[in-house]
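Working notes, structure below.
Just so you know, ligand 1 is whichever comes first in the structure, and atom 1 is the first atom listed for that ligand. We use all heavy atoms of the structure for the numbers below, so side chains are in, but hydrogens, waters and symmetry mates are not. Index from 1, following the sequence.
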Amino acid sequence: DVLCEGGTLMAIVLDNITYTYGVGTPFEKTALKGISVTIENGEFLGIIGHTGSGKSTFVQHLNGLLHPTTGKVTVNGVDVSEKTDEAKHMRHKVGMVFQYPEHQLFEETIAEDIAFGPKNLGLDAEEVDRRVREAMAFVGLDYDTYAERSPFHLSGGQMRRVAIAGVVAMEPDFLVLDEPSAGLDPFGREEIFDEIIKLHKEKDVTVILVSHNMEDISRMANRLIVLDKGQIVLDGKPLDIFNHHRHVLQQVGVDVPPVSVLIESLRNRGLDVSNEVLTVDDAVQAILEGGQHVK
Ligand code: ADP
């Protein structure tokens, strides 16, 4: 476990969260029911669940965009619903990249757009400039080529890189991504996920990823939470969930990764293939190795 100054656990803790939209109106809807979970420093957490299961509502609690109706959310030990400077500081430790983050771009140049968040933190010009340069380098946008360009003339994948650079420049401890590859072609998707993996590995950013894409989730996440009707129905390692809890996934309308299904059907036909498989590469390896044992 990683501790902050003062000995608090570096983590986001949701303590018995309930969230109800439109309290007292005819549209009242309880979207989260009794959620308790600790997201620890260093995790790469995948959040999956059918449409309407509560994923967006859940992630909007992580940096205080939504305040729980009952229960409490703490980031590094601080209740993020509070109006103190300390609470504000902790909310800034949780970066958010929403679906279509390019819709959040609005400054005239790429550099100004990335500088927006750090400026709001009240950092001096030199530090803002340092962070912008570093964030651009990190997402592979050459400063001299792109800094003064308009963000609106870029490709979809590049715009998303600018949006991610804006979050990187905030130097967050936690990064929440809600369907970050929506609407991108396979090449753009690959680019974005390479950035996310790099942030996790090289900058020790704890990642919370919401995605419908089981391949992406199973390739990257080391822990999975499955939501259904506002509750956590599964919480564990991807391999364990995909191999041993498929009936639950089916009940709640979540797809199983195609490679897991393939391996299962090969095993059912008597092939001696390992089911320690999460990606296509793993599957190839398992089939090549397993094939040698077939009579
Ligand atoms: P997901 O992200 O898994 O699709 P959401 O968190 O968006 O799920 O939604 C959870 C539930 O809350 C759904 O039943 C949805 O209709 C409802 N909901 C979401 N946003 C609102 C809102 N602004 N007002 C009322 N109900 C909402």
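Listed here is the closest heavy atom pair of T20 and E28: CG2-CG, 3.5 Å.
For atom 15 (C) of ligand 1, the nearest protein heavy atom is 4.0 Å or more away.
A salt bridge links E127 with R131: the closest approach of a Lys/Arg side-chain nitrogen to an acidic carboxylate oxygen falls below 4.0 angstrom.
Closest protein heavy atom to atom 7 (O) of ligand 1: S56 CB, 3.8 Å. Of all protein heavy atoms, the one closest to atom 17 (C) of ligand 1 is K29 CG, 3.9 Å. Nearest protein heavy-atom neighbour of atom 8 (O) of ligand 1: G54 N, 3.1 Å. Residue, atom and distance of the protein heavy atom nearest to atom 13 (C) of ligand 1 are G52 O, 3.6 Å. Among protein heavy atoms, the minimum distance from atom 22 (C) of ligand 1 is reached at Y21 CD2, 3.4 Å.
Which parts of ligand 1 touch A31 is read off a 4.0 Å heavy-atom cut-off, strictly below it: atoms 10 (C), 11 (C), 12 (O). Listed by number with element, the atoms of ligand 1 under 4.0 Å from a non-hydrogen atom of K55 are 1 (P), 2 (O), 3 (O), 4 (O), 6 (O), 8 (O). Each of the following atoms of ligand 1 lies closer than 4.0 Å to a heavy atom of T51: 4 (O). For ligand 1, the atoms sitting less than 4.0 Å from at least one non-hydrogen atom of H50 are 3 (O), numbered in the order shown with element in parentheses.
In this structure, the side chains of V132 and M136 come closer than 4.5 Å at one or more pairs of heavy atoms.
Under the 3.5 Å distance criterion, the side-chain polar atoms of N76 are matched with a main-chain donor or acceptor of A11. With K55 contributing its side chain and H50 its backbone, the two residues share a donor-acceptor pair below 3.5 Å. No donor-acceptor pair closer than 3.5 Å links the side chain of R133 to the backbone N or O of Y143.
The local environment of NZ in K198 is crowded, with over 12 non-hydrogen atoms from other residues, nucleotides or ligands closer than 6.0 Å. Annotation: H247, atom NE2; neighbour count of heavy atoms from other residues, nucleotides and ligands within 6.0 Å is above 12. No more than 12 heavy atoms of other residues, nucleotides or ligands sit less than 6.0 Å from atom CZ of F187.
When only interatomic distances are considered, the shortest N/O to N/O separation between F27 and ligand 1 does not fall below 3.5 Å.
The closest approach between a heavy atom of S53 and any atom of ligand 1 is below 4.0 Å.
Looking at T20, I48, T57, it is T57 that brings a heavy atom closest to atom 5 (P) of ligand 1.
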